[in-house]
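So the structure is just underneath, and the comments pick up after that.
Counting starts at 1 for both ligands and their atoms, following the listed order.
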Amino acid sequence: MMPAAVPATFSPTELAAEAGRLLRVLLHVDCEPGRQWNYESCRRIAPLTLEINRLKREQDAVILTHSYVEPEIIYGVGDFKGDSYFLSQKARDSQAKKIVFAGVVFMAETAKILSPQATVVVPDRGSGCSLADSITGEGVRRLKALYPDAVVVCYINSTAEVKAESDVCVTSGNVYDIVAKLPERRILFVPDRLMADNVRVELKRRGVDKEIVSSDGTCIVHDQFDPAFIAEARTRFPGLKVVAHPECTAETAAAADFVGSTGAMMKYVKNTPAPYFLMLTECGLVGRLQAEAPEKNFIGGCRLCPYMKLNSLEKLHQAMVAPRPDQIVTLDEDLRRRAARSIERMFELTPKN
Ligand code: 13P
Ligand code: SF4
């Protein structure tokens, strides 16, 4: 938490009210390992959250926040918070002139694909993703030449170029249902090799016959978790529930009690009585649960995504006041249209519930 870098244009009463608002929501959240938010730390960021919220109104902007970014962004200035699917829906439906995406670059690109009329801003152009950065459009074209009869399914953690080469896009929340529904038997799945393994296991369990070929990307956060750690945690914390993301290895997923998107993981924890939870995902999700389900207990074990953690209130503020060219997402219109087709197909094939 850095001190706010904006001129003090708010009255002491406004600042105290903002600090109180922030504290009510952040009270149970760790602001640094082992240290929780207090009135002073909330008061320090209050000028910045007030100013960003003022800029949103002035600029007709919305801020979309993925659950992995810092909680002061999610609860301080975010308009919508959630997983990739939910945020894509919000970007598609947005009427705002500007979308500021607190997440990673592929998410901001997806927002631009779905909301081309809006100015889409990303606070840090370096916020990549080991999955999205693992394959290019050219790489997909090479694989397509090897498997010409395959339907190309891209995980949303991919570049606009890769989406433009794909038949359908999926997220962690709809991947099993969409792949199961596709008429083609052979699937070329990019870029997540571990998610492809999890899809194979799940479709076999459902009795769906598919051949899945994948490229070789992995998430540098989720590929770290392993079943030995889960086994040890279970012996030390009886009654522990283990919650994993489908970017984990199939062995880790098999050892967990629940596997799902970050949105589904949150629902599971909120609805499941257990003395302790182990979250095999990025620590931001634990922060969200500490804010929204403070009665739950979490044991350590989550990991940090270095890309998501490049977001900050200061960068959001700067990107709204005077965005550099690299902070504004632009896409070639033909590429954007082709990428939009794969995402629109995803919306059509996602079960409504
Ligand atoms: P979700 O769509 O489940 O939030 O996943 C996004 C992501 O990047 C997970 O690492
Ligand atoms: Fe990419 Fe993994 Fe970070 Fe998600 S957690 S943005 S998949 S590197």
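Closest to atom 7 (C) of ligand 1 by heavy atom, among Glu247, Met195, His222, Met265, is Glu247.
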Between Cys302 and Cys283, is a disulfide (SG to SG under 2.5 Å) present by the stated rule, with each step listed? CA-CA 5 Å; Cys302 62; Cys283 298; 2.2 Å; yes
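The nearest heavy-atom contact from the protein to atom 2 (O) of ligand 1 is Ser84 OG, 2.8 Å. Looking only at protein heavy atoms, the nearest one to atom 2 (Fe) of ligand 2 is Cys219 SG, 2.3 Å.
Between Tyr155 and Phe106, a ring centre-to-centre spacing not shorter than 6.0 Å is recorded.
At a heavy-atom cutoff of 4.0 Å, ligand 2 is contacted by the side chain of Cys305 but not by its backbone.
Between Arg338 and Asp334, at least one side-chain N (NZ, or NE/NH1/NH2) sits under 4.0 Å from a carboxylate O, which counts as a salt bridge. Look at Glu40 and Arg43 and you find no salt bridge, because none of the NZ, NE, NH1 or NH2 atoms lies under 4.0 Å from a carboxylate O. Ion pairing between a basic and an acidic side chain is recognised when a charged N comes within 4.0 Å of a carboxylate O; Glu58 and Arg54 show such pairing.
For the atom pair CD of Gln224 and CG of Leu280, the computed distance is 12.0 Å after rounding to the nearest 0.5 Å.
Close contacts between ligand 1 and Ser261 involve ligand atoms 3 (O) [criterion: under 4.0 Å to a heavy atom]. Heavy-atom contacts of His245 reach the following atoms of ligand 1: 1 (P), 3 (O), 5 (O), 9 (C) (cutoff under 4.0 Å). Set against the non-hydrogen atoms of Tyr68, the atoms of ligand 1 under 4.0 Å away are 7 (C), 9 (C), 10 (O). Near Cys129, meaning under 4.0 Å from any of its heavy atoms, are these atoms of ligand 2: 1 (Fe), 6 (S), 7 (S). Numbered from 1 in the order shown, with element, the atoms of ligand 1 that lie under 4.0 Å from a heavy atom of His66 read 1 (P), 4 (O), 6 (C).
Every N/O-N/O distance between Thr171 and ligand 1 stays at or above 3.5 Å.
Judged by the shortest distance from any of its heavy atoms, Glu247 lies inside the 4.0 Å radius around the atoms of ligand 2. Residue contact check for ligand 1: Asn157 places a non-hydrogen atom closer than 4.0 Å to it.
The local environment of CZ in Arg337 is sparse, with at most 12 non-hydrogen atoms from other residues, nucleotides or ligands closer than 6.0 Å.
Ser214 places no side-chain N or O within donor-acceptor distance of the main-chain N or O of Asp192, the cut-off being under 3.5 Å.
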